[in-house]
Amino acid sequence: MRDDDAAGQARSDTLLEWYDRHARDLPWRVPPGAARSPDPYRIWLSEVMLQQTTVAAVRAYFERFTQLWPTVADLAQADDGRVMAEWAGLGYYARARNLLKCARVVAAEHQGRFPDRQEDLLKLPGIGPYTAAAIAAIAFDRPAVVMDGNVERVMARLHDIHTPLPAAKPELKAEAAALTPAARPGDYAQAVMDLGATICTPRSPACGICPWRAPCLARARGTAAVLPRKAPKKAKPVRLGIAYVGRTPGGDWLLERRPDSGLLGGMLGWPGSPWAETTPAETPPVAARWCDVGAEARHTFTHFHLRLALRVAVIDPAQVPADGPLLLVPKHRFRPSDLPTVMRKAFDLAHGAMESP
DNA sequence: AATACGGGGCA
DNA sequence: TGCCCAGTATT
């Protein structure tokens, strides 16, 4: 065991030396060696945004959110619709709903301070095993074992593990735990994830410049590019739907607030038919002369492809019930960027069709 | 254990 | 255009 400990120590030291020289400059990051300590609010916000999402996509959203809501107390008081609108385009909208829930729990039940232990962080909405470990390690420098897709890939290659995911997870986690150091665990966690994101990449890893090229078994055996192995995935079915893009004579838009649970939950969207495998029936939200737009919006979600046929009409505002999910958004307050991507695609096509009759 | 849940990047 | 990537909540 002592040999393993010593080898692990040497590896984490090697990685920390690399991180001291090559740490990425990120808006939410405190550089290694800096005097200040990280703001748990900013670490939490960035980690939730980074779930299933690339750094490139997150940057602008992070800047915007921290500018609008500099503290967790500010976010806790924010308007729900405003937060959903600012999240639009980032995807996985349950994250935004849980973000608000979590901010309100922290503000009301934790005096505006995030818990510093993984076990307590795990109880908060939207914080699972990965995010709890990441906050504990990065914000509070606790030796939590941070397991994300990057770490899984790095461990699979370092130890040349060929068991397919997700079956390999326990083994990969054990290897990651054995390497997590007692000194500078926060920097170590960020270092492994940086390594996975910049060098030990999913395709064509840059083994030649990797700080772990010496101990890496997959590098020695030439198997890095095929690891980690994954269980085969199933094909995505096609679903069909119709969306109705309506506008009043005054130029206000007819939208609906989608239910909190389910696909695009809590987001604005165009009213329409359910999305199913078969051709949908016409289900106009209000009576009007709906015109077929020649084009359809195509969009791929996690588990199906959608083809959305489009109808446009000038509608009578008096036809819109005051209760229910439908709402008229005034012309000057409507921002296409407040919509999830599929709804923005539908708008772009419908709007083009309305401009040129 | 399996499924629902977006969107962006790259070949 | 199509394939790859990747945490949390729910069932």
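Chain identifiers are assigned alphabetically (A, B, ...) following the order of the sequence lines, protein sequences preceding nucleic acid strands; residue numbering begins at 1 within each chain. What you see is a predicted model, and the numbers here were worked out from it, not measured in a lab. Excluded from the calculations below are hydrogen atoms, water molecules and symmetry mates; all remaining heavy atoms, backbone and side chain alike, are included.
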Exercise for review: Could you check A/Ile127 against A/Gln52 and say which one's nearest nucleotide on DNA chain C is further toward the 5' end?
Suggested key: A/Gln52
Exercise for review: Can you tell me, in whole Å, how much space there is between the P of C/dC5 and that of B/dC5?
Suggested key: 22 Å
Check your understanding: For atom P, what is the distance between B/dG6 and C/dT11, given to the nearest Å?
Key -> 15 Å
Revision key, fill the gap. Applied to residues 309-322 of chain A, the side-chain hydrogen bond (donor to acceptor under 3.5 Å, both in side chains) test, sequence neighbours excluded, yields A/Glu282-A/Arg311, A/Asp292-A/Arg311
Review point. Would you call A/Glu296-A/Arg298 a salt bridge at under 4.0 Å N-O?
Key: yes
Review point. Tell me, do A/Arg11 and A/Trp212 make a side-chain contact under 4.5 Å, heavy atoms counted?
Key: yes
Point to revise | Residues forming a side chain to side chain donor-acceptor pair (under 3.5 Å) with A/Asn150, sequence neighbours excluded | key: A/Asp148, A/Arg153
Point to revise | d(CG, A/Asp260; P, C/dT10) in whole Å | key: 12 Å
Exercise for review: Using the P atoms only, state how far B/dG9 lies from C/dT8, rounded to an integer number of Å.
Suggested key: 22 Å
Point to revise | Contact residues, residues 42-51 of chain A to DNA chain C [heavy atom, < 4.0 Å] | key: A/Gln51
Exercise for review: Would you mind telling me which of B/dG6, B/dC5, C/dA6 lies closest to the side-chain atoms of A/His303?
Suggested key: B/dC5
Practice item. With DNA chain B as reference, determine whether A/Arg203 or A/Leu263 sits nearer its 5' end, using the nearest nucleotide of each. Key: A/Leu263
Exercise for review: Would you jot down, in residue-number order, the residues of residues 129-153 of chain A having a non-hydrogen atom under 4.0 Å from DNA chain C?
Suggested key: A/Pro129, A/Tyr130, A/Thr131, A/Asp148, A/Gly149, A/Arg153
Review point. With rounding to whole Å, what would you report as the distance between C/dA9 and B/dG8 at their P atoms?
Key: 23 Å
Check your understanding: How close or far is atom C1' of B/dG6 from atom CH2 of A/Trp275, stated in whole angstroms?
Key -> 11 Å
Point to revise | A/Leu165 CG to C/dC4 P, straight-line distance once rounded to whole Å | key: 14 Å
Review point. Which pairs count as side-chain hydrogen bond (donor to acceptor under 3.5 Å, both in side chains) when at least one residue sits in residues 37-47 of chain A, sequence neighbours excluded?
Key: A/Glu47-A/Tyr130
Check your understanding: Less than 3.5 Å between a donor and an acceptor, one on the side chain of A/Thr341 and one on the base of B/dG6, is that the case here?
Key -> no
**Study point:** 5′-ward residue of the pair A/Thr53/A/Ser204 relative to DNA chain B
**Key:** A/Thr53
**Study point:** Separation of B/dG7 C1' from A/Met267 CE (nearest whole Å)
**Key:** 12 Å
Practice item. Specify the residues of residues 85-103 of chain A, ordered by number, for which at least one heavy atom lies under 4.0 angstrom from an atom of DNA chain C. Key: A/Tyr92, A/Asn98
Point to revise | Any pair counted as salt bridge (charged side-chain N to carboxylate O under 4.0 Å, His left out), so long as it reaches residues 204-222 of chain A, sequence neighbours left out | key: A/Asp160-A/Arg221
Exercise for review: Give one of base, sugar-phosphate or nothing for A/Lys345, where a contact means two heavy atoms less than 4.0 Å apart.
Suggested key: nothing
Review point. Are A/Tyr61 and A/Leu339 connected in the hydrophobic side-chain network, where two residues link if heavy atoms are under 4.5 Å apart?
Key: yes
Revision key, fill the gap. Atom NZ of A/Lys169 and atom C1' of C/dT8 are separated, to the nearest Å, by 11 Å
**Study point:** salt bridge (charged side-chain N to carboxylate O under 4.0 Å, His left out) pairs, two or more places apart, involving residues 114-131 of chain A
**Key:** A/Asp116-A/Arg142, A/Arg117-A/Glu119, A/Arg117-A/Asp120, A/Asp120-A/Lys123
Review point. Heavy-atom count around A/Glu277 CD within 6.0 Å, excluding the residue itself: above 12?
Key: yes
Practice item. Would you mind listing every salt bridge (charged side-chain N to carboxylate O under 4.0 Å, His left out) that reaches into residues 182-208 of chain A, with sequence neighbours excluded? Key: A/Asp20-A/Arg184, A/Arg24-A/Asp194, A/Arg29-A/Asp194, A/Arg184-A/Asp187
Exercise for review: Round to the nearest Å and state the distance from A/His305 atom NE2 to B/dA4 atom C1'.
Suggested key: 16 Å
**Study point:** Test side chain to side chain contact (heavy atoms under 4.5 Å, CB included) applied to A/Leu306 - qualifying residues, sequence neighbours left out
**Key:** A/Arg239, A/Trp275, A/Phe301, A/Phe304, A/Leu308, A/Val342
Practice item. Take the protein atom CZ of A/Phe304 and the nucleotide atom P of B/dA4, then report the distance between them rounded to whole Å. Key: 10 Å
Review point. Tell me the salt bridge (charged side-chain N to carboxylate O under 4.0 Å, His left out) pairs involving residues 85-96 of chain A, sequence neighbours left out?
Key: A/Arg64-A/Glu86, A/Arg82-A/Glu86, A/Glu86-A/Arg335
Check your understanding: When the distance from CG of A/Leu122 to C1' of C/dG7 is rounded to whole Å, what number comes out?
Key -> 12 Å
Practice item. Please state whether the phosphate of C/dC4, meaning OP1 or OP2, lies under 4.0 angstrom from any side-chain nitrogen or oxygen of A/Lys230. Key: no
Study note, to complete from the structure: Residue set satisfying side chain to side chain contact (heavy atoms under 4.5 Å, CB included) with A/Thr300, at least two apart, ordered chain then number -> A/Lys236, A/His305
Check your understanding: So what does A/Lys234 touch, heavy atoms closer than 4.0 Å: a base, only the sugar-phosphate, or nothing?
Key -> sugar-phosphate
